[in-house]
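Taking it in order: structure first as structure tokens, then the write-up.
Residue numbers begin at 1 in each chain, while the letters A, B, ... track the order of the sequences.
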Amino acid sequence: MLRKDLRLELRSGESTLALLALSMLVLVVLVFALDAGRVRSVDVAAGALWVALVFSGMLGANRALLAERDNGAIRGLLLSPLDPAMLYAAKLAAALIFMAVAEVGAVILMVLFFNLDFDASTARLAPILALGAIGFSALATLLSAITGRTRGGDMLLPILAVPIFVPALIAGVKASAAALAGAPLASMADWLRIMIAFDVLFVTAGYLLFEHVVGED
Amino acid sequence: MSAPVVETHRLAKTYGLAPVLREVDLRLLAGSGAFVVGGNGAGKSTLLRIIAGLEAPSDGRALVFGQDTRRLAARYRQRIGMMAHQSFLYPNLTARENLEFYAELYSVADPRASADLWLARVGLADFADTRVRAFSRGMEQRLSAARAMLAEPALLLLDEPFASLDHDGAEIIAALIRGAIERGASVIATAHAIPEIAGVEFAAFEISRGRLAERAHQEEVRRGGRLRSLLGR
């Protein structure tokens with residue numbers, strides 16, 4: 001399932017390019033909209049990075065299930081012996097890979113746009129962003145299975161996903177700002193615990209609930 | 001007497017306030033075929049989707065292999081093949097890749113060989129490496145038939161299998177349906193009118209305004225009554 005998704009993506013490149021383009025646009029808008037001189041640039045950079053990641057994550061999750069809506073392929077999958085929980089795991093993995101690619105691109109752009117350095121503080125972003133990507137992909141994949149069945153589902157996904165993601169978003173921004181400011185990972189343990197709890201909650205929820213929301217009736 | 005492969009009891013389906021199926025009772029034994037005919041919106045596709053477990057009935061129940069279709073376990077879904085209006089195929093994968101993917105989902109031994117075998121059976125061997133998005137509607141229909149049948153399911157649900165097909169394509173699908181019944185599979189197919197297909201015995205039902213009525217049974221078919229063979233038998 002995941003191999004098929006990656007093959008489709010490698011063939012078209014649509015999702016990866018769209019995610020990277022969206023990340024870049026968000027960062028460009030924010031770098032001009034925010035006056036980085038009046039607040040610490042690492043705080044602004046961390047916020048901008050997470051805005052870019054949330055938007056690209058929504059796009060990635062939507063696209064991971066979009067291919068299954070073409071020609072009603074989702075029905076073919078639901079009719080097959082494939083365990084719906086495995087379908088969720090594959091879609092989550094695909095969304096996670098797309099989001100990870102977008103994150104790498106977004107971090108590079110953030111460093112360039114906000115005049116930061118590629119150093120140990122940038123490397124400390126990796127576990128924070130990984131936790132954020134897992135949590136957001138888990139949430140968005142579950143919700144996109146619901147919104148994909150509705151008219152105007154693309155609009156509905158951010159309305160549902162962003163408010164639910166707020167606890168992990170706050171933790172991610174705080175931890176990222178601390179990491180960029182040079183703080184050790186141990187000093188942001190509380191923020192990371194919140195993100196881990198969010199990840200566990202929504203990966204479990206997705207695994208258990210996906211079969212009930214992905215059907216058509 | 002063998003247990004029925006498909007059995008529905010007072011099956012009903014309503015979308016909003018509009019009833020689509022009303023008190024449908026249907027029974028299909030192993031190795032037998034049935035055609036359900038009716039006009040647009042008669043409820044044919046809905047009936048097949050409920051039997052496949054893709055939709056839940058509003059009332060009554062549908063049993064496949066003795067199991068309620070609302071909670072069909074994987075081992076029962078493994079034994080159902082469905083060809084619907086939508087092909088369930090991925091436009092950006094080639095014909096072979098599509099069949100290999102579904103063969104893997106159904107744990108078919110040697111997915112590659114199976115894909116090539118079924119491509120040959122539906123006359124698409126020369127298009128194995130062509131992406132489905134480049135296929136005509138009729139070619140996609142034939143590939144969809146191969147996808148539905150490659151795991152050799154015990155129950156085949158075919159929603160208007162001859163739509164969009166030319167004469168050659170219709171002959172290929174007719175031969176595949178006959179082959180499936182000959183190996184003991186059960187087939188329920190829908191059509192707008194009783195098609196010129198046989199070579200095997202089919203019960204014929206008519207669905208109108210959501211109500212199902214048997215119009216011809218296997219004995220009538222055997223006497224050569226209402227169904228004629230497309231295969232020239």
Between OG on residue S80(A) and CZ on residue R147(B), distance to nearest 0.5 Å: 10.0 Å
In terms of heavy-atom pairs under 4.5 Å with chain B, which of E68(A), R11(A), M1(A) leads? R11(A)
Identify which of E97(B), E100(B), Q78(B), M82(B) forms the greatest number of heavy-atom pairs closer than 4.5 Å to chain A. E97(B)
4.5 Å side-chain heavy-atom contact, E104(B) and K4(A): no
For R131(B), is it the side chain, the backbone, both, or neither that has a heavy atom closer than 4.5 Å to a heavy atom of chain A? side chain
Rounded to the nearest 0.5 angstrom, the CG-CG distance for L78(A) and L72(B) is 12.0 Å
Check: A84(B) main-chain N/O paired with R75(A) side-chain donor or acceptor under 3.5 Å: no
Any non-hydrogen side-chain atom of L93(B) less than 4.5 Å from a side-chain atom of R7(A)? yes
Are there over 12 heavy-atom neighbours, none belonging to R75(B), within less than 6.0 Å of that residue's CZ? no
Does any part of the side chain of L77(A), heavy atoms only, come nearer than 4.5 Å to the side chain of F101(B), both counted from C-beta? yes
Greater than 12 external heavy atoms within 6.0 Å of R3(A)'s CZ: no
Exceeds 12 heavy-atom contacts within 6.0 angstrom, atom CZ of F55(A): no
Atom group of Y76(B) that falls short of 4.5 Å from chain A, counting heavy atoms: neither
Could you measure the distance from the CG atom of L10(A) to the CG atom of N92(B)? Nearest 0.5 Å is fine. 12.0 Å
Count the heavy atoms of every other residue, nucleotide or ligand shown that sit under 6.0 Å from CZ of R10(B), and state whether that count exceeds 12. no
When rounded to the nearest 0.5 Å, the distance separating OH of Y90(B) from CG of D5(A) is 7.0 Å
Taking CZ in F65(B) as the centre, count heavy atoms belonging to other residues, nucleotides or ligands within less than 6.0 Å. Is the count above 12? yes
Would you say the side chain of N71(A) lies within less than 4.5 Å of the side chain of E140(B), judging by non-hydrogen atoms? yes
Which heavy atom in A74(B) sits nearest to a heavy atom in P81(A), and how many Å separate them? CB-O, 3.4 Å
